[in-house]
Amino acid sequence: MAAVLESAAELHAEARRTFVLRYVQPGLAGLIDGSVSTLAPIFAAAFATGHNGATFLVGLAASVGAGISMGFTEALSDDGAVTGRGDPWLRGLVCGAMTALGGLGHTLPYAIPDTLPAGWPNPFVLATSLAVLVVVVELAVIAAIRTRFMATPFWRAALQVMLGGALVLVVGMLIGSA
């Protein structure tokens, strides 16, 4: 009976490892890249133009372009034969979709029109505030995924992604304000 339980535990561990290698790791890499790398162009556009419409278009282009790039990068980097990471095109699809999703999250607030009815807050300030809030949520989700699947302590994972995100955000704001 003990041998059967041990064998079942080993099968479960292997299934979890396979799931992490084939889906979680490419998705996490994409989410990190989409959430962090798109910060600079989006916030540079925001601070350079002060307009939601232009910022939304830059964010949309950066997010979709990064998703395509990361998808192909993941698919072409490893055919899975040596590493056992599975179908490269499926991993590429997961990575690309999560990259685009990571960038679109903080792009969507800039879909708020540049003019709002009287009594509403300044549309640019509202969109930028919402975008920053979305970034914080994105980075917390990344830290939680790293904790759950990569055995990284939450506070260490949070500190790492928050530091990286903050650096890229500041670069985008500084360049956009120049």
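- At a threshold of 4.5 Å between side-chain heavy atoms, the hydrophobic network of Ile, Leu, Val, Met, Phe, Trp and Tyr places V137 and L169 in one connected group.
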Hey, can you pull the donor-acceptor pairs under 3.5 Å for the side chains in residues 85-101, sequence neighbours left out?
from	atom 1	to	atom 2	distance (Å)
R85	NH1	E74	OE2	3.3
R85	NH1	D78	OD2	3.2
R85	NH2	Q25	OE1	2.7
R85	NH2	E74	OE2	2.6
D87	OD2	L90	N	3.1
R91	NE	E74	OE2	2.7
R91	NH1	D78	O	3.4
R91	NH1	G86	O	2.9
R91	NH2	E74	O	3.2
R91	NH2	E74	OE2	3.4
R91	NH2	D78	O	2.6
T99	OG1	G30	O	3.2
T99	OG1	C95	O	2.7

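- Side-chain contact check for I175 versus F47: every heavy-atom pair is 4.5 Å or farther apart.
- The salt bridge (Lys or Arg N to Asp or Glu O under 4.0 Å) test applied to R146 returns no partner, not counting sequence neighbours.
- Minimum heavy-atom separation, A157 to T152: CB-CG2, 3.7 Å.
- Using a 4.5 Å heavy-atom cutoff, the side chains of L130 and I112 are in contact.
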Could you check S35 against V135 for side-chain contact (heavy atoms from CB on, under 4.5 Å), going step by step and ending with a plain yes or no? CA-CA 7 Å; S35 294; V135 168; over 6 Å; no

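- Under the 4.5 Å side-chain heavy-atom criterion for ILVMFWY residues, no single connected hydrophobic cluster contains both L167 and L159.
- Although no hydrogens or angles enter the test, the distance criterion places no donor-acceptor pair under 3.5 Å between the side chain of T49 and the main chain of A54.
- Scanning for ring pair (Phe, Tyr, Trp, His ring centres under 6.0 Å) contacts around F124 gives an empty result, with sequence neighbours left out.
- The heavy-atom pair separating M162 from V136 by the smallest distance is CE-O, 3.9 Å.
- Between P123 and P113, the shortest heavy-atom contact is CB-O, 3.2 Å.
- For the pair V36 and L139, the minimum side-chain heavy-atom distance is below 4.5 Å.
- Scanning both residues, L104 and S63, for their nearest heavy atoms gives N-OG, 3.3 Å.
- Of all non-hydrogen atoms in V134 and P109, the two that sit nearest each other are CG2-CG, 4.4 Å.
- In terms of heavy atoms, G165 sits closest to L39 at O-CD1, 3.4 Å.
- Residue F72 places its CZ atom among 12 or fewer non-hydrogen atoms of other residues, nucleotides or ligands, all under 6.0 Å distant.
- Scanning for side chain to side chain donor-acceptor pair (under 3.5 Å) contacts around D79 gives an empty result, with sequence neighbours left out.
- Under the 4.5 Å side-chain heavy-atom criterion for ILVMFWY residues, a single connected hydrophobic cluster contains both V132 and I42.
- With sequence neighbours left out, R156 forms a salt bridge (Lys or Arg N to Asp or Glu O under 4.0 Å) with no residue at all.
- Applying the side chain to side chain donor-acceptor pair (under 3.5 Å) rule to pairs touching residues 106-115 yields T38-H106, H106-E138, Y110-T128, sequence neighbours excluded.
- Looking at R16 and F149, their side chains come closer than 4.5 Å, going by heavy atoms from C-beta outward.
- In this structure a side-chain-to-backbone donor-acceptor pair under 3.5 Å is missing from N52 to A111.
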